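So the structure is just underneath, and the comments pick up after that.
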Amino acid sequence: MRTALVTGAGGGIGSAIAMRLASDGYTVIFHSHTKDCGKPAASVHGIAVRADLSDASQVENMVSEILAQVGAVDILVNNAGISVSGLLTDIDPQTRRRLYDVNLLAPIELTRLLLPSMVRRKSGCIVNISSMWGQVGASCEVDYSAAKAGLIGFTKALAQEVAPSGIRVNCVAPGVIRTPMLDCYDAETLASLAEETPLGRLGTPEDIAGSVSFLCSEQAGFMTGQILGVNGGFVI
Ligand code: NAD
C-alpha cells in the first residue's frame, strides 16, 4: 500500500486532499495542528499525527513517528498554511517569522527529512500548495505572497535536483477557495471575489484535491517542476 502525508489535513483544502488521496487508494497520514483528525483518518484506515509545524523539533519528531509506523512516505503534500493580512509596516516580526516558518520553512524541512527514503527507492511525489498570490503578488498580503512565491521557487529548483532520482515535485497555485481561511471576509467581499473570478464562482476544496490527485497519478508521470493554477481564470 502506498502512503501519502497531507499536512494541514484538518483544514478546508487539506481534508479534501486527504479524503481524495484515500479514495485513490493511498494510506493517508492526516497531519493536523490543533484539530483532532483521528475520526476522519480512521474512517479511511489512515493515520493521524499532530505537530506545530512552526516548531522544527516537532516536525522532526513527527517524521520519526511516521517513518517508524509506515516505513516510507510515497507522497508528500505540503498544504498547511496561514495567512496574515495588513500593511507590511504593520506586521510585527514575530507574526512574520511564524508565517514564513509554517508556509515556507516547514515544507522545506519536511521534504529534507523525507527525501532520503524517497531517493533510496528512486520514487516519490511532492506537491506544494502555493497560491496565485505567490505568482502575481497581493497588496496587504506581502509576506504571504513572498512565502508562497518561495514555495514556487523551491518547487522548480528541487524538481531539477531530484528528477534523476525518479522523484517529481509540482505545485498547485489555488485562486480563491471557500475554506475557513476566508472566514475573515464578509459575505459581500466573498461575492465580489466570486464576481472577479472569470468562471464566476469561488473554488471548492475538491477543485484543489482533484488537481493534487492528478499530479500524484501516473497521468502526470512526465510532469515535474510545474505550477498548476487552479483559480477559475483569476490569474492567467
Ligand atoms: P485552512 O485554514 O482551512 O487550513 C490551513 C491548515 O493549516 C489547517 O489545517 C491548520 O491547522 C494548518 N496550520 C496552520 N498553522 C499550522 C501550524 N503552525 N502547524 C501545523 N499546521 C498548521 O485553510 P485552507 O484554505 O484549507 O488552506 C490550505 C492551503 O491552501 C494553505 O497553504 C493556504 O495558504 C493555501 N491557499 C488557500 C487559498 C484559499 O483561498 N483558501 C488560496 C490559495 C492558497
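On a predicted model such as this, the values are computed, not experimentally measured, just so you know. Position 1 is the first residue of the sequence, and the numbers go up from there. Keep in mind that the numbers below use all heavy atoms, side chains included, and drop hydrogens, waters and symmetry copies. Order of listing sets the numbers, starting from 1, for every ligand and every atom in it.
Any N or O atom pair closer than 3.5 Å counts here, and Pro174 shares no such pair with ligand 1. The shortest N/O to N/O separation between Met132 and ligand 1 does not fall below 3.5 Å. Residue Gly14 has no nitrogen or oxygen atom sitting less than 3.5 Å from a nitrogen or oxygen atom of ligand 1, judged on distance alone. Checked by distance only, ligand 1 and Ala9 stay at 3.5 Å or farther apart across all their nitrogen or oxygen atoms.
Protein heavy atom nearest atom 4 (O) of ligand 1, with residue, atom name and distance: Gly11 CA, 3.6 Å. In terms of protein heavy-atom proximity, atom 28 (C) of ligand 1 is nearest to Asn79 OD1, 3.2 Å. Of all protein heavy atoms, the one lying nearest to atom 3 (O) of ligand 1 is Gly12 N, 2.8 Å. Counting only heavy atoms of the protein, atom 40 (O) of ligand 1 lies nearest to Ile177 N, 2.9 Å. Of all protein heavy atoms, the one closest to atom 44 (C) of ligand 1 is Ser130 O, 3.1 Å. For atom 5 (C) of ligand 1, the closest non-hydrogen atom of the protein is Gly81 O, 3.5 Å. Of the protein's non-hydrogen atoms, His33 CB, 3.8 Å is the one closest to atom 22 (C) of ligand 1. For atom 27 (O) of ligand 1, the nearest protein heavy atom (residue, atom name, distance) is Met181 CE, 3.9 Å.
Near Gly10, the atoms of ligand 1 lying under 4.0 angstrom from a non-hydrogen atom of the residue are 9 (O). Distances below 4.0 Å separate heavy atoms of His31 from the following atoms of ligand 1: 20 (C), 21 (N). Listed by number with element, the atoms of ligand 1 under 4.0 angstrom from any heavy atom of Ala80 are 7 (O), 12 (C), 21 (N), 32 (O). Listed by atom number, the atoms of ligand 1 under 4.0 Å from Pro180 heavy atoms are 3 (O). Residue Arg98 has at least one heavy-atom neighbour below 4.0 Å for each of these atoms of ligand 1: 18 (N). Residue Ala51 has at least one heavy-atom neighbour below 4.0 Å for each of these atoms of ligand 1: 19 (N), 20 (C). Taking every heavy atom of Asp52 and a limit of under 4.0 angstrom, the matching atoms of ligand 1 come to 17 (C), 18 (N), 19 (N). Residue contact check: Leu53 has heavy atoms under 4.0 Å from atoms 17 (C), 18 (N), 19 (N), 20 (C) of ligand 1.
At least one donor-acceptor pair under 3.5 Å links the side chain of Thr111 to the backbone N or O of Pro107. The backbone N or O of Arg50 lies less than 3.5 Å from no partner atom in the side chain of Ser32, so there is not a single donor-acceptor pair. Side chain of Arg96 to main chain of Asp143: no donor-acceptor pair is present (N/O by atom type, distance under 3.5 Å, no hydrogens or angles). Side-chain atoms of Gln69 never come within 3.5 Å of backbone atoms of Leu67 as a donor-acceptor pair (strictly under, hydrogens ignored). The backbone N or O of Ala9 lies less than 3.5 Å from no partner atom in the side chain of His31, so there is not a single donor-acceptor pair.
Here Ile82 has side-chain heavy atoms under 4.0 Å from ligand 1, and that is the only part of it that gets that close. Residue contacts with ligand 1, taken as heavy atom pairs separated by less than 4.0 Å, involve Val102 solely via side-chain atoms from C-beta onward. At a heavy-atom cutoff of 4.0 Å, ligand 1 is contacted by no atom of Ser32, backbone or side chain.
Residue contact annotation: Leu182 has a non-hydrogen atom under 4.0 Å from ligand 1. For the ligand labelled ligand 1, residue Ala173 lies outside the 4.0 Å heavy-atom shell. The closest approach between a heavy atom of Gly175 and any atom of ligand 1 is below 4.0 Å. Under the 4.0 angstrom criterion for non-hydrogen atoms, Lys148 is in contact with ligand 1. In this structure, Trp133 has no heavy atom closer than 4.0 Å to ligand 1.
Of the inter-residue distances, the one linking Leu21 atom CG with Ile29 atom CD1 reads 11.0 Å to the nearest 0.5 angstrom. Note: Thr27 OG1 to Met1 CE = 3.5 Å, rounded to the nearest 0.5 Å.
Side-chain contact between Tyr26 and Arg2 is present, with at least one heavy-atom pair separated by less than 4.5 Å. At a threshold of 4.5 Å between non-hydrogen side-chain atoms, the residues Gln219 and Phe214 count as touching.
In this structure, atom 10 (C) of ligand 1 has no protein heavy-atom contact shorter than 4.0 Å.
A donor-acceptor contact closer than 3.5 angstrom is absent between the side chains of Asn61 and Ser64. A donor-acceptor pair shorter than 3.5 Å cannot be found between the side chains of Asn78 and Thr7.
The existence of a salt bridge linking Arg20 and Asp24 is confirmed by a sub-4.0 Å separation between a basic side-chain nitrogen and an acidic carboxylate oxygen. The existence of a salt bridge linking Asp183 and Arg178 is confirmed by a sub-4.0 Å separation between a basic side-chain nitrogen and an acidic carboxylate oxygen. Arg201 has a carboxylate O that lies under 4.0 Å from a charged side-chain N of Asp207, or vice versa, which qualifies the two as a salt bridge.
Here atom 26 (O) of ligand 1 lies nearest to Ile13 when heavy atoms of Ile17, Val77, Ile13, Asn103 are compared.
In this structure, Arg168 and Ala220 approach most closely via the heavy-atom pair NH1-O, 2.8 Å.
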Exercise for review: Applying side chain to side chain contact (heavy atoms under 4.5 Å, CB included), run through Ile227 and Lys156 and close with a yes or a no.
Suggested key: CA-CA 8 Å; Ile227 315 306; Lys156 292 180 178 180; 4.0 Å; yes

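In the hydrophobic clustering (ILVMFWY side chains linked at under 4.5 Å, chained through shared members), Leu88 is joined by Val142.
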